[in-house]
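Notes follow once the structure below has been shown.
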There are 2 protein chains.
Amino acid sequence: MKQDKIPDVVVRRLPLYLRAVEDFYRKDQAIVSSSQLGEWTGFTPAQVRKDLALFGEFGKQGIGYDARFLHNKLREILGLTRDVSVGLVGLGNLGRALLHHNVRARMGTPGVEGDPKHWVPETLRIVAAFDVDPEKVGVTYAQVPVYHVDQLLGKSAELGLEIMVLAVPPDSAEAVAYECVKAGIKAILNFAPVNLVVPDDVKVYSADLTLELQSLAFYTTH
Amino acid sequence: MKQDKIPDVVVRRLPLYLRAVEDFYRKDQAIVSSSQLGEWTGFTPAQVRKDLALFGEFGKQGIGYDARFLHNKLREILGLTRDVSVGLVGLGNLGRALLHHNVRARMGTPGVEGDPKHWVPETLRIVAAFDVDPEKVGVTYAQVPVYHVDQLLGKSAELGLEIMVLAVPPDSAEAVAYECVKAGIKAILNFAPVNLVVPDDVKVYSADLTLELQSLAFYTTH
DNA sequence: CTATGTGAAGTGGTTCACAGCT
DNA sequence: AGCTGTGAACCACTTCACATAG
């Protein structure tokens, strides 16, 4: 294991491996090979092995990977063995849709008993939402309490929020991002069409629908 | 111009350049430099120049790029000089949110008169939606008509749909994608947590919320 | 014989640095 | 002087191919 510096591309593939292993495991397959994982995810077997080898020697030569073991390792690597609390800012149409999605997206993970039919609840979910609209503050959407954005700092500490999802209008995105940074948030998923400027130790993923559609448009003509 | 094979990474940057140039243009700046575009987008000036040079010599040495000219070139390259009709499949919470977003996301583009205050309507938008729920079929959400999924093939041809947004449940995603391919769709934006298998000439972008959050979780612990 | 882990080779995208135009 | 366009150098990720273990 040489866990020095993991390339971003690899980190983006890890959840796919997790999902693949989970799928094999659910189908009562105890051992998976890099070729199987490769076929499932669409990557080459060599790439799967290289990626996993960055974190340790999880497989057995001549055999493959123990599905349950690998699954747990991947959860460890991704930091999903503990509860990960996510916050959401902005309760417009998109924000509310994400909340509903959140509830349904709770995926199970194999329980410790080794019984494939036993599942412990997924640990990554949105546990708090924020908005400025006084009509929204105080209510509960999809079982998630809504606070005023002014409380972002306090509630982040109180609830241990680690990831923040931004579904706010473009002109408030920068300010909200700044609040998140002040609150010690280390990862932001940004849906606003704005380039957020944050310190180097904060990771921002952009999910800009307009941008994605515009680049897809390229492929319809080429 | 050597428009042979444009790397995917470049295509993903083009809409950002478009947005940057638009921003400068709106601020009545007639000439933009690669360094300005670089600062705005967060890329290096050299990269901006290399990217643009893939499509032609748009700049003037010693001067920079004419904002209006570059803006139109970028729209041409992306195929945004014509109307691009997008379809949406799946009217759950996410689908409906995307529709509302769609209306608000209509960005202006500079008009031909050269008057920065004159804007022609944006050409890329969702013009049709599909669902299986009989309660939703026939109604109009956010000014967009909703048809039954059975009509996907027919309406795609009739309306000239070029891009399809998939916001369907995981288990129907594969089947819907297959319908899209049959309908001649060349680009898909997939929100379902499923690896779609499509022919090589169909481009799929994945916007899988769970995957993104899971890889972001990695950065909260590393 | 099967499948991992890994140096070595290959590939593709980024940055450098400078010629050339204004 | 200022800024683009671009070959060359650089860097990073991917694929190959094989030693190694079961």
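Letters A, B, ... are given to chains in the order of the sequence lines, protein chains preceding strands, and every chain is numbered from 1.
- Judged by distance alone, with hydrogens and angles left aside, the side-chain atoms of A:Thr123 form a donor-acceptor pair with the main-chain N or O of A:Arg82 at under 3.5 Å.
- Summarising the geometry, atom CZ belonging to A:Phe24 is positioned 7.5 Å from atom OG belonging to A:Ser33; distances are rounded to the nearest 0.5 Å.
- We find that NZ of B:Lys60 is positioned 11 Å from C1' of D:dT4, with the value rounded to whole Å.
- Put simply, the side chain of B:Thr81 never gets that close to the backbone of B:Arg75: no donor and acceptor are under 3.5 Å apart.
- At whole-Å resolution of the value, CD1 in A:Ile6 and P in D:dC13 are 10 Å apart.
- The side chain of A:Gln61 lies closest to D:dT20 when the candidates are D:dG5, C:dC16, D:dT20.
- One interatomic measurement links the two molecules: CD of A:Gln47 to C1' of C:dT6, which rounds to 15 Å at whole-angstrom precision.
- Residue B:Ser34 has its side chain nearest to D:dT4 when only C:dG13, C:dT6, D:dT4 are considered.
- Within the nucleic acid shown, A:Ser35 has no heavy atom closer than 4.0 Å to any nucleic acid atom.
- Between A:Arg49 atom CZ and C:dG7 atom P there is a gap of 14 Å when expressed in whole angstrom units.
- Of the inter-residue distances, the one linking A:His101 atom NE2 with A:Ile126 atom CD1 reads 9.5 Å to the nearest 0.5 angstrom.
- Close to C:dA3, at under 4.0 Å from its OP1 or OP2, lies no side-chain N or O of A:Ser33.
- Summarising the geometry, the separation between OH on B:Tyr65 and P on C:dT22 is reported as 15 Å, rounded to the nearest angstrom.
- Taking atom CG on B:Leu37 and atom C1' on D:dT4, their separation rounds to 12 Å, with Å as the unit.
- To the nearest angstrom, P of D:dA8 lies 11 Å from NZ of B:Lys50.
- At whole-Å resolution of the value, CZ in A:Phe69 and P in C:dT4 are 14 Å apart.
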